[in-house]
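Data block below; observations after.
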Amino acid sequence: MARFQLVPIKVSWTVVLTLAHFTYLLFGATIFQMLEREAESNNRNHFQLEKLHFLANYTCLDGAALEKFVQVILDAWENGVHPSGNSTNPSNWDFCSSFFFAGTVVTTIGYGNLSPSTVSGQVFCVFYALCGIPLNVAFLKQLGNDRKQQLSLFFITGSLLFLVIPPLLFSYVEGWTFGEGFYFAFITLSTIGFGDYVVGTDPGKEYISLYRSLAGIWIIFALAWLALTLNMAGRIMEYLIGLTHPGFKKQEVEEDVSSSKPEDTSKI
């Protein structure tokens with residue numbers, strides 16, 4: 001009888017985590033779009049009706065009318081509707097924008113210019129972040145420890161791809177200076193995320209449909225490159241400290257050995 005033998009298959013955890021990461025982002029983008037787009041459309045229509053009502057009825061502006069309209073503007077802004085736009089502006093919850101938002105959730109950037117407004121969207125965001133943040137950390141850690149990636153994504157090339165070229169593109173598309181584009185890139189990749197500069201939010205511009213999705217992909221891979229760079233910088237710093245302070249490494253090893261020894265209970 002013929003014998004069948006199982007052939008072991010080597011699994012690349014980098015590939016597995018990459019596929020899992022982007023599958024999770026696609027899943028999140030789909031759900032956020034389903035939960036939030038209708039609410040955004042309702043808020044947008046409400047704001048437009050209020051603006052038309054204001055322009056038609058308040059020919060002489062008084063304090064109470066101004067306060068009411070300001071409150072409408074604030075409510076619209078909190079719900080992701082740009083006050084200076086109109087009802088034909090691109091949605092903040094189309095698939096590409098939802099993909100970008102999902103990326104800012106799992107990377108903990110949190111620009112603050114957009115958030116779920118429905119209860120179902122808020123609840124989903126909580127559980128999505130609970131699962132997505134550890135997945136993102138594992139993904140970045142795996143790329144940071146992969147030696148093959150260390151050969152291909154070295155510092156100079158990575159700097160050009162993630163810190164020089166993207167700010168130039170953002171400056172061209174958004175009308176920013178290079179300094180503003182570089183500032184946005186740094187604030188984003190450091191996960192500070194002030195929200196004062198966010199790509200794809202100018203109501204006076206027409207963006208290609210994949211623009212924000214491409215920005216989201218840039219964030220993921222740029223964070224992976226940054227994790228790798230910091231990992232290599234940490235190793236270089238340890239090596240330099242070892243050269244200047246030879247006793248540092250020896251002391252560190254002795255502490256590790258002593259901490260791993262079981263307590264001696266023979267002497268009481």
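Nothing here was measured: the structure is a model prediction, and the numbers come from that model.
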Note to self: Under the criterion side chain to side chain contact (heavy atoms under 4.5 Å, CB included), I'd like the reasoning laid out for Leu26 against Phe95: C-alpha separation, chi angles, the key distance, then a yes or no.
What the structure shows: CA-CA 9 Å; Leu26 293 172; Phe95 183 79; 3.6 Å; yes

Notebook entry, point to check: How about Tyr207 and Glu174: does a side-chain donor come under 3.5 Å of a side-chain acceptor?
Noted result: yes

Item checked: Spacing of Ile219 atom CD1 and Ile109 atom CD1 [to the nearest 0.5 Å] -> 4.0 Å

Pair up each side-chain donor or acceptor in residues 123-133 with any protein partner under 3.5 Å, not counting sequence neighbours, and list the distances.
unit_1, atom_1, unit_2, atom_2, d
Tyr128, OH, Tyr24, O, 2.9

Next item on the list: Starting at CG of Asp94, measure out to OG of Ser213 and round the result to the nearest 0.5 Å.
Entry: 8.0 Å

Note to self: Taking Pro167's backbone N and O only, do any of them form a donor-acceptor pair with Ser171's side chain (distance below 3.5 Å, no angle check)?
What the structure shows: yes

Check: Sub-3.5 Å donor-acceptor pair from the side chain of Ser97 to the main-chain atoms of Trp93, do we have one?
Finding: no

Next item on the list: Go through the side-chain N and O atoms of Ser117 and Glu40 and say whether any donor and acceptor fall under 3.5 Å apart.
Entry: no

Note to self: List the residues meeting side chain to side chain contact (heavy atoms under 4.5 Å, CB included) with Leu169, not counting sequence neighbours, and say none if there are none.
What the structure shows: Ile165

Notebook entry, point to check: What distance do Phe139 atom CZ and Thr18 atom OG1 have between them, rounded to the nearest 0.5 Å?
Noted result: 4.0 Å

Check: What residue among Tyr183, Tyr111, Phe170 forms ring-ring contact (aromatic ring centres under 6.0 Å, His included) with Tyr197?
Finding: Tyr183

Next item on the list: List the steps, then state whether side chain to side chain contact (heavy atoms under 4.5 Å, CB included) holds for Leu140 with Thr107.
Entry: CA-CA 10 Å; Leu140 297 181; Thr107 55; over 6 Å; no

Notebook entry, point to check: How about Gln122: does its CD atom have over 12 heavy atoms from other parts shown lying under 6.0 Å from it?
Noted result: yes

Margin query: When you compare the side chain of Leu25 with that of Val106, does any pair of heavy atoms fall below 4.5 Å?
Written below: yes

Next item on the list: Decide if atom OH of Tyr172 counts as having more than 12 heavy atoms of other residues, nucleotides or ligands within a radius under 6.0 Å.
Entry: no

Next item on the list: With rounding to the nearest 0.5 Å, note down the distance linking CD1 in Ile208 to CG in Leu214.
Entry: 6.0 Å

Item checked: Between OG on residue Ser98 and CD on residue Glu36, distance to nearest 0.5 Å -> 8.5 Å

Note to self: Using side-chain heavy atoms (C-beta onward) and a distance below 4.5 Å, is Asn92 in contact with Phe100?
What the structure shows: no

Notebook entry, point to check: Could you give the distance from CZ (Phe99) to OG1 (Thr104), rounded to the nearest 0.5 Å?
Noted result: 11.0 Å

